[in-house]
Novice: 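The following block contains the structure, expressed as structure tokens.
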Amino acid sequence: MKNVASVIVDVPAMQTDRTYDYLVPDEWMGSISPGMRVVVPFGPRKIQGFVMELKEKGEVSKLKEISEPMDLVPVLNEELLSLGSWLTDKTLCFKISAFQAMLPAAMKAKYEKFFRLEGTVEIEGLPDPLRPFFNKGSEVSWKAVEEAGFLPIIQKQVKKGYVDVIYKVKAKGKKKTVKKILPNFSENQLEEIIGNLPPQAKKQKEVINYISSEVQAGNGLLLNEILEGAGTTASTIKSLVNKGLLIEKYIEVYRDPFENRAFEKTSPLPLTQQQSEVIGPILEKIDQSLHQTFLLYGVTGSGKTEIYLQSIQRVLEEGKEAIVLVPEISLTPQMVHRFKGRFGDDVAVLHSGLSVGEKYDEWRKIQRKEVKVVVGARSAIFAPFENIGIIIIDEEHETSYKQEENPRYHARDVAVRRAETHNCPVILGSATPSLESFARASKGVFELLTLSKRMNDGDLPSVSIVDMREELRSGNRSMFSQELFEKIQNRLEKGEQTVLFLNRRGHSSFIMCRDCGFVVQCPHCDISLTYHRFSNGMKCHYCGYEESVPDTCPECTSEHIRYFGTGTQKVEEELNKLLPGARIIRMDVDTTSRKGSHEKLLTAFGGGKADILLGTQMIAKGLDFPNITLVGVLSADTMLHLPDFRAAEKTFQLLTQVSGRAGRHKLPGEVVIQTYTPEHYSIELASEHDYDRFYLQEMMMRKMGSYPPYYFITLITLSHEDLLKVVEIAEKLSGFVRSRLSGSTIILGPAASPIPRIKNRYRYQCLIKYKREPNLTATLKTVLDQFQQQYASQGLSISIDVNPYMMM
DNA sequence: AGCACGCCGACT
DNA sequence: GTCGGCGTGCTC
């Protein structure tokens with residue numbers, strides 16, 4: 001009899017990163033299976049856990065019992081369970097973190113502690129103010145006692161045994177319910193019931209009749225439908241319920257984030273010659289149920305989405321399911337529309353704009369097989385489908401596919417892994433593929449499919465590069481070059497639209513003294529504070545520290561202290577000054593933080609309610625309006641100087657992406673790129689739309705620097721409050737790693753991280769570059785084991801990022 | 001991560 | 001002599 005369950009408990013720590021055995025109580029026998037969440041006692045408390053397997057005998061003699069199951073059916077199927085251990089191995093994370101990453105946040109347990117007065121003993125010495133909290137046998141939350149300031153007193157009672165501490169595990173996600181009204185009488189009783197109602201109860205009779213006829217017509221009856229349909233109020237219903245003529249019942253419903261929105265049904269568009277050539281090999285693999293990763297390299301506007309849609313169509317025809325990943329930021333309605341329009345209610349959407357509850361609902365639709373297609377951001381790669389027919393990653397070069405916290409996985413790797421188990425193709429789509437993917441395609445690991453022509457045979461926009469140093473020399477100190485300004489004016493006259501792109505990454509506004517060059521820094525993190533006009537204060541982006549802007553320089557007391565860097569607000573102000581008549585929509589974190597505002601602003605712009613759209617990264621993608629004929633990039637090179645070997649790649653991708661916004665339809669587009677380093681190859685080649693040359697040039701740089709795709713890299717970061725301590729341990733660690741790895745592997749450091757201190761912790765890092773290192777995972781595990789065990793208690797923390805995307 | 005157990009300083 | 005500080009070590 002398999003009545004022992006091995007469970008991974010919800011304690012993300014090295015020491016607990018293993019299974020614990022529990023007895024399955026008789027009452028739950030048969031209803032607990034692997035992949036379910038359970039509540040288990042763990043030491044004195046109760047916590048959530050995942051059942052890994054059922055077995056006959058436990059590892060230890062004395063087993064505790066599972067308290068209760070949290071699910072009726074497993075939330076992780078067999079495939080996801082094994083995917084979880086794969087993820088754990090690949091990213092060196094805790095097993096519990098891997099499993100939790102695969103489920104919506106709503107399914108993560110919440111823990112609460114309660115006090116309960118035991119027995120009938122009157123507690124002596126219990127202060128009067130506590131009595132209202134305490135009735136015998138009732139429970140009071142720990143928090144309430146703490147807030148009232150009675151924690152020490154009650155804890156004393158706990159020690160004496162008069163009060164118990166109760167641990168509760170609560171589910172975060174709630175199922176939304178609506179009230180449904182059912183008749184408590186049959187059709188032939190109708191007359192009699194109406195007759196028995198008092199003559200003055202006119203409304204009640206109407207309601208009874210209404211409900212009866214609706215039920216006969218086969219309609220479900222939600223409370224508010226009745227209220228509307230019969231033109232009555234809740235109190236009438238209530239009295240009928242009280243009379244026993246109606247029954248109220250709560251039924252579960254899904255929150256619908258797309259409520260009140262119609263999606264126009266679309267049908268497959270005829271494919272261009274190129275599109276048909278490209279889709280052929282994909283359909284072939286779908287039909288043969290064979291795995292293959294395709295890199296769909298297509299210029300902006302070449303119709304990649306239609307390829308996705310028609311591939312999915314085929315997959316659905318074969319009764320299988322599809323996962324589509326899109327970068328968080330482009331999960332704008334435009335993209336959702338295209339999928340919902342084609343596949344209607346078969347589509348679930350998962351992205352960060354949804355509330356926890358909405359995400360939970362969408363996830364359950366997938367789990368219950370009520371949808372066939374999921375469109376979502378990174379974590380949607382874990383959609384619990386069981387018969388996947390295709391996985392598509394749009395804009396595959398986007399770095400948001402890499403999770404920057406544990407488990408530090410890349411959705412692309414997970415996609416390939418899942419596709420292998422499901423024997424289905426993967427499509428990686430991009431106009432500017434990541435070097436890694438393109439290199440793999442060149443080597444034949446991926447199959448390269450190319451769309452070189454724009455769908456409407458439109459030309460790519462002409463791009464001109466403006467050297468801002470020249471502008472400065474000729475006396476133009478504004479943020480707009482002569483050329484860009486004239487072109488904006490020209491569009492205004494013609495009634496065409498302009499998109500202005502401000503790249504703020506790595507160049508946010510900071511406060512600097514013009515006399516001594518002093519920059520106000522965070523006292524806890526070695527990074528300059530960012531100026532926020534809204535609060536007229538300065539904020540640290542890493543720890544949240546805030547202070548107000550000084551009047552004089554703290555270093556030299558000069559009054560010439562001012563803020564540098566260009567924010568969107570500042571650009572907007574300047575535009576307003578220079579072009580008083582222009583209607584401007586600004587899109588940045590400030591104006592889009594409210595739910596739905598992103599969409600509203602875009603719709604307004606698309607509807608011609610503004611002449612200029614001004615924004616940050618978030619407008620780089622997905623924007624597809626026919627009237628945009630000019631795109632301006634205010635400073636192209638701000639991210640070029642970041643301490644990141646991918647800086648050039650990211651710059652190229654961004655510029656290409658932004659340029660693609662112009663002239664997508666009938667009107668030809670123009671792009672103006674302003675830069676201080678016009679000679680840089682990433683800027684030059686982006687302006688020529690020459691990915692191929694950029695690829696070759698960048699590959700050369702990577703080869704010289706021994707970076708990916710020539711080498712794999714792994715980044716180890718150590719942090720500690722004491723600088724000397726980190727340095728000392730980092731030295732030891734790198735020595736150890738060096739001794740274990742092969743001679744061809746390059747180990748850089750230890751060196752201070754690009755941000756040497758965050759939240760008062762000094763950071764040192766060690767970069768490992770390797771081509772083939774079969775021992776690496778084992779070595780890193782040993783590193784984690786030994787070093788964590790030896791130094792964790794001293795306050796040292798260690799993080800390992802295999803294939804990092806953020807080098808900070 | 002919690003929480004208990006256990007061993008040393010300032011108080012009734 | 002005890003209350004309570006937080007340093008180790010365990011949790012099926």
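Every chain is numbered from 1, with letters handed out A, B, ... down the list of sequences. Basis for what follows: all heavy atoms, side chains included, without hydrogens, waters or symmetry-related copies. If you're wondering where the values come from, they're calculated on a predicted model, not measured in any experiment.
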Novice: Rounded to whole angstrom units, what separation is found between the CG atom of A/Asp10 and the C1' atom of B/dG2?
Specialist: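 Whole-Å distance recorded here is 12 Å.
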
Novice: Report yes if the ring of A/Phe42 lies under 5.5 Å from the six-membered base ring of C/dT11 with planes under 30°, and no otherwise.
Specialist: yes

Novice: Within this structure, what is the CG-to-C1' distance between A/Asp17 and C/dC12, rounded to whole angstrom?
Specialist: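 Spelled out: CG on A/Asp17 to C1' on C/dC12 is 15 Å.
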
Novice: Can you tell me the distance, in whole Å, between the CD atom of A/Glu112 and the C1' atom of B/dG2?
Specialist: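 Taking CD of A/Glu112 and C1' of B/dG2, I get 16 Å after rounding.
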
Novice: Do NZ/NE/NH1/NH2 and the carboxylate oxygens of A/Lys402 and A/Asp801 come within less than 4.0 Å?
Specialist: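 A salt bridge links A/Lys402 with A/Asp801.
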
Novice: Need one value for A/Lys46: base, sugar-phosphate or nothing, where a base atom within 4.0 Å counts as base even if backbone is also close, heavy atoms only.
Specialist: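 Nothing, no nucleic acid heavy atom in range.
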
Novice: Spell out, as yes or no, whether a donor-acceptor pair under 3.5 Å connects the side chain of A/Thr16 to the backbone of A/Pro12.
Specialist: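 No: the side chain of A/Thr16 does not pair with the backbone of A/Pro12.
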
Novice: Check the orientation of A/Tyr20 and A/Phe42. Use parallel for under 30°, tilted for 30 to 60°, and perpendicular for over 60°.
Specialist: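 Ring orientation of A/Tyr20 relative to A/Phe42: perpendicular.
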
Novice: What does A/Tyr111 touch in the nucleic acid at a heavy-atom separation under 4.0 angstrom: a base, only the sugar-phosphate, or nothing?
Specialist: nothing

Novice: Could you tell me the separation between the OH atom of A/Tyr167 and the P atom of B/dG2, rounded to a whole number of Å?
Specialist: 10 Å

Novice: Any donor-acceptor pair under 3.5 Å linking the side-chain atoms of A/Arg740 with those of A/Thr779?
Specialist: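 No, no side-chain donor-acceptor pair sits under 3.5 Å.
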
Novice: Contact class for A/Tyr22 vs. all strands (heavy atom < 4.0 Å): base, sugar-phosphate, or nothing?
Specialist: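 Result for A/Tyr22 = sugar-phosphate.
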
Novice: Would you mind reading off the distance between A/Ile66 atom CD1 and C/dC12 atom C1', rounded to a whole angstrom?
Specialist: 11 Å

Novice: Between atom CD in A/Gln48 and atom P in B/dA1, what is the gap in whole Å?
Specialist: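 After rounding, the reported distance stands at 17 Å.
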
Novice: Starting from P on C/dC12, measure out to CG on A/Leu23 and report it in whole angstrom.
Specialist: 12 Å

Novice: Any salt bridge between A/Glu386 and A/Lys369, counting N to O under 4.0 Å?
Specialist: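 Yes, charged N to carboxylate O under 4.0 Å.
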
Novice: Using whole Å, report how far CZ of A/Arg45 lies from P of C/dC12.
Specialist: 10 Å

Novice: Taking the side chain of A/Gln15 as heavy atoms from C-beta outward, which of C/dC12, B/dC3, B/dA1 is closest to it?
Specialist: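 Minimum distance to the A/Gln15 side chain belongs to B/dA1.
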
Novice: Would you say a side-chain N or O of A/Lys113 is under 4.0 Å from OP1 or OP2 of B/dC3?
Specialist: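 Yes.
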
